[in-house]
K.L.:
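Submitted below is the structure of interest, expressed as structure tokens.
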Amino acid sequence: MAKYPFKDIEKKWQKRWEDEQTFRAVEDEHFPKEKRRYVLDMFPYPSGAGLHVGHPEGYTATDIYCRYLRMNGYNVLHPMGFDAFGLPAENYAIQTGTHPAVTTYANIDRFRTQIKSLGFSYDWSREVITCDPEYYKWTQWIFLQLFKKGLAYEAEMPINWCPSCKTGLANEEVKEGHCDRCGTKVVRKRIRQWVLKITAYAERLLADLDKLDWPEPIKLMQRNWIGRSEGASVFFKIEGYDEALEIYTTRPDTLFGATYMVLAPEHPFVPHITTPEHRAAVEAYIEEAAAKSDLERTDLAKDKTGVFTGAYAINPVNGARIPIWISDYVLISYGTGAIMAVPAHDARDWDFAKKFKLPIIQVVARPGETGPFDREPEACNEAEGIAVNSGQFDGLPTAQCIARISEWLEERGIGKKTVNYKLRDWLFSRQRYWGEPIPVVHCDRCGIVPLPEESLPLALPEVKSYTPTGTGESPLAAISEWVNTTCPRCGGPAKRETNTMPQWAGSCWYYLRYLDPKNPNALADRSKIDYWMPVDLYVGGAEHAVLHLLYSRFWHKVLYDLGLVNTDEPFMRLVNQGMILGEDNQKMSKSRGNVINPDDIVENYGADAMRVYEMFMGPLEVSKPWSTAGLVGVSRFLERIWAISERPLVEEPLAPEIEKLLHKTIKKVTNDTATLNFNTAISQMMIYSNELSKLETIPRAAWEPFVLLLAPYAPHLGEELWEKLGHEGSVSKAPWPAYREELTCDDEKEIVVQVNGKVRSKFTAPAGTSKEKLIEMAKRAEKIPEWLSGKEIVKAIAVQDKLVSFVVR
RNA sequence: GCGAGAGUGGUGGAACGGCAGACACGCCAGACUUAGGAUCUGGUGCCUUUCGGCGUAAGGGUUCAAGUCCCUUCUCUCGCACCA
């Protein structure tokens, strides 16, 4: 028996698909809107390490789905490209002097070859590369629109700085106080930065999550990241100081329990209100806090620190004179950077009050708690309850009390309802070389002036050294002939912006460029956007939950507001594929030596085996370990299919059992493919092929539909078998097989008989036998009379086609 | 600490509230070849000689019936982390 010649087959069909442009997507108006699908993969960053086995997992899933859709009469857009700006190429350039573009394009060529070797049905004519000037021209163009709308601004502020990458980072790029990319502890640094006003979209980014078919955990992460909270701001008068101190609280009902105030050390009031005798201590504390990184501040969370300023505020509800402290447990970046402290009902305030022996007054009672409430409570209680010690508000439940006190404050002009978000504006500039130049100039006379749109792209110039300066300037700052330019507005001397955009910029809108990748006049023609958008299915890793997936939603909404796109959300459905771990159940990494190279798998087992194995491993969404033994099992499955195809094909009617199994198989593979449950679809195909392999001759009617089912999963083998069956043209354009419902169920059903919940017997009955009849039959079933003898049947339950359950006493 | 998800054979994993372990790997036995990561057949959760009993992280509950629904606990993974 000839072995399955996967190498020849795969090469042959890949060439044919390329020559015949089999998977080219065309905006054909004959397909109504509901028969069009845009299926998107998260495009890869072409690292020097080459493709990882994790990439083909998502790509295979979408590819199977796309092939399935095409066979079902859909016009499918399925593109691929490269996210090509980024630090690794730049770091390599620093070490070797090789231009990042050289490395990047070499890596792209390798990635493209590797991806093509797996036989994915991409329309390669739409490929985009984010570092291509014709691409980033439009990234820059979008930046200019943001700038013109006031959504991009310059600010000098303390930011997250990675001392190793020598660049600023967005909040989203900091994980547990460390640089998400290199793991170095981030420090705070105050420098001039470009910032995007994503906070202006906070409410919409939050609300519109409700319309998305995304995994709940991802939506929840975005909700938490946006961090909306409702509360009130309250103004407190300060003794001997004109300006009132504004604080934010989510629990205005606890106002009577505010026994002290806390300001962030950076709060602008601090120098003004601090009394002379406390000045030295306050200044020392501020200095200490400034030297700490955010991580160090949170590491010390358990042990609260702080100093008294000597100043007092007046509690507006009861006129109480309460001390003002500073402490780094209050963050300058959230709310107003100042709080009223209610130690009885806030754990942090409780800790602080205990440590510094500040008074604690209970103002919320637990339901049923009777008091007395005139002494210090034993423990902090953050739960809702009934107001006590709160003057005219006593007796109100928390929710009502919040409403009443808020009204009371508003009437007197000393407070108002407020909404706060944890989301911060997006720090958008990087002090690095390999990114999109920000297309503005700084003119002494005109200030910040955007470049005219016609002048784009503003190309990234050649530099002698890629090494970041570390001073807060990018390597571009060293090229004086590039930096020094003229102002497009006044013609006077001006300096170019030397910061570049972050890696996320290019990926914020790439799905739109696929629609019209060569368009020199627009980021994409509106008719093409209307034809394909929004993306119906987006598959990729969960690591971008609050990075790419949040940023691109933001940009898309801006483009929507500008009237440039047809929907206010880009990705209707999102699926996160799980991680593929090493055979040792650990994350694959060079240092662990557990990395599997897809090239080796394709070389030794073939692309189809790789694809089918990765889909057979388990559900798409979960993490699972690689197993070469498992791969061999799938390889055997394909070998068996090839062996069947070598047997004589006969034009004979099907045996009833085979016909039933065929229709069951079509049904299961159809449903499971449509719902992305590929592992169970494959197992059904295995069951079917195991049956067929028992036959000496293969009836065409049993074989042809199976080849069609297999084709999206193992496309090279599918094409070859289709051709062997005498068909011309690609199997990818053949219609998906249909099943007859009546042939998917058995005529005879095995009925289980339970007595007191335990299975005691089984019998077969014709499908659809009535419940009464089943119970009669069950009483006579093997061994059942013995189980029932001498007992009283209390209850008999029958489930049609399934079981009979007796309850006896 | 808070939030989310997950715990099923030796392994990856199946299972509309209805026979737990489909399919695959591995292992055992046999056949055929006589080794080129073979192929085919049969077996394979645990205990028990049989009848049968026990089994889905642990404990409890609802139900004729629970891996599946509810409560409590434990473990692991991920996310956030003094957000007032």
K.L.:
Both atom distances under 3.5 Å, Watson-Crick or G-U wobble: I'd like the secondary structure of RNA chain B as a dot-bracket string, with | for pairs made across strands.
P.N.:
(((((((..(((.....[....)))((((((.......))))))(((....)))..(((((..]....))))))))))))....
K.L.:
Have a look at A:S333 and say if it touches a base, only the backbone sugar-phosphate, or nothing, with a 4.0 Å heavy-atom cut-off.
P.N.:
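Since no nucleic acid heavy atom lies under 4.0 Å of A:S333, the category is nothing.
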K.L.:
Rounded to the nearest angstrom, tell me the gap between atom CG in A:L638 and atom P in B:U39.
P.N.:
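Roughly 13 Å, once rounded to whole Å.
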K.L.:
Atom CG of A:N576 to atom P of B:C78: distance rounded to whole Å?
P.N.:
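Value for this atom pair: 15 Å.
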K.L.:
Could I get the full list of salt bridge (Lys or Arg N to Asp or Glu O under 4.0 Å) partners for A:R636, not counting sequence neighbours?
P.N.:
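Partners of A:R636 by the salt bridge (Lys or Arg N to Asp or Glu O under 4.0 Å) criterion come out as none, since no residue qualifies.
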K.L.:
Check every strand shown and say whether A:N604 touches a base, only sugar-phosphate, or nothing at a heavy-atom separation below 4.0 Å.
P.N.:
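Base contact - A:N604 has a heavy atom under 4.0 Å of at least one base atom.
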K.L.:
What's the gap between B:A6 and B:G13 when it is taken at their C1' atoms, as a whole Å value?
P.N.:
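Roughly 14 Å separates the two C1' atoms.
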K.L.:
Please report the distance, rounded to the nearest Å, between CD1 in A:I332 and C1' in B:C82.
P.N.:
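Taking CD1 of A:I332 and C1' of B:C82, I get 15 Å after rounding.
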K.L.:
Specify the glycosidic conformation (syn or anti) of B:G7, with syn defined as within 90° of 0.
P.N.:
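Here B:G7 takes the anti form, which means its glycosidic angle is more than 90° from 0.
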K.L.:
Go nucleotide by nucleotide along RNA chain B from the 5' end; which of A:S805 and A:P217 gets its closest nucleotide reached first?
P.N.:
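The residue closer to the strand's 5' end, by nearest nucleotide, is A:P217.
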K.L.:
How close or far is atom C1' of B:C78 from atom CD of A:Q222, stated in whole angstroms?
P.N.:
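Interatomic distance, CD of A:Q222 to C1' of B:C78: 16 Å.
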K.L.:
How close or far is atom C1' of B:A84 from atom OH of A:Y329, stated in whole angstroms?
P.N.:
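Rounding to the nearest Å, OH of A:Y329 and C1' of B:A84 are 8 Å apart.
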K.L.:
Any base atoms under 4.0 Å from A:G227, or only sugar-phosphate, or nothing? Heavy atoms, all strands.
P.N.:
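Contact class for A:G227: none.
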K.L.:
Figure out the CE/P separation between A:M579 and B:C78, and round it to whole Å.
P.N.:
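In whole Å, B:C78 P lies 8 Å from A:M579 CE.
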K.L.:
Base, sugar-phosphate, or nothing: which does A:I339 touch, judged by heavy atoms less than 4.0 Å apart?
P.N.:
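Base contact - A:I339 has a heavy atom under 4.0 Å of at least one base atom.
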K.L.:
For A:V546 and for A:T336, locate the closest nucleotide of RNA chain B by heavy-atom distance; then report the residue assigned to the nucleotide nearer the 5' terminus.
P.N.:
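Checking each residue's closest nucleotide, the 5'-ward one belongs to A:V546.
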K.L.:
With heavy atoms under 4.0 Å as the rule, sort A:V330 into base, sugar-phosphate or nothing.
P.N.:
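Base, at least one base heavy atom under 4.0 Å.
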K.L.:
Rounded to the nearest Å, what distance is computed from the NE2 atom of residue A:H345 to the P atom of nucleotide B:C82?
P.N.:
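Going from NE2 in A:H345 over to P in B:C82 covers 23 Å.
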K.L.:
Regarding A:K802, tell me which of base, sugar-phosphate or nothing describes its non-hydrogen contacts under 4.0 Å with the strands shown.
P.N.:
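Touches a base.
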K.L.:
So, does A:S327 get its side chain near the phosphate of B:C82, meaning an N or O under 4.0 Å from OP1 or OP2?
P.N.:
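Checking B:C82 against A:S327, no side-chain N or O comes under 4.0 Å of OP1 or OP2.
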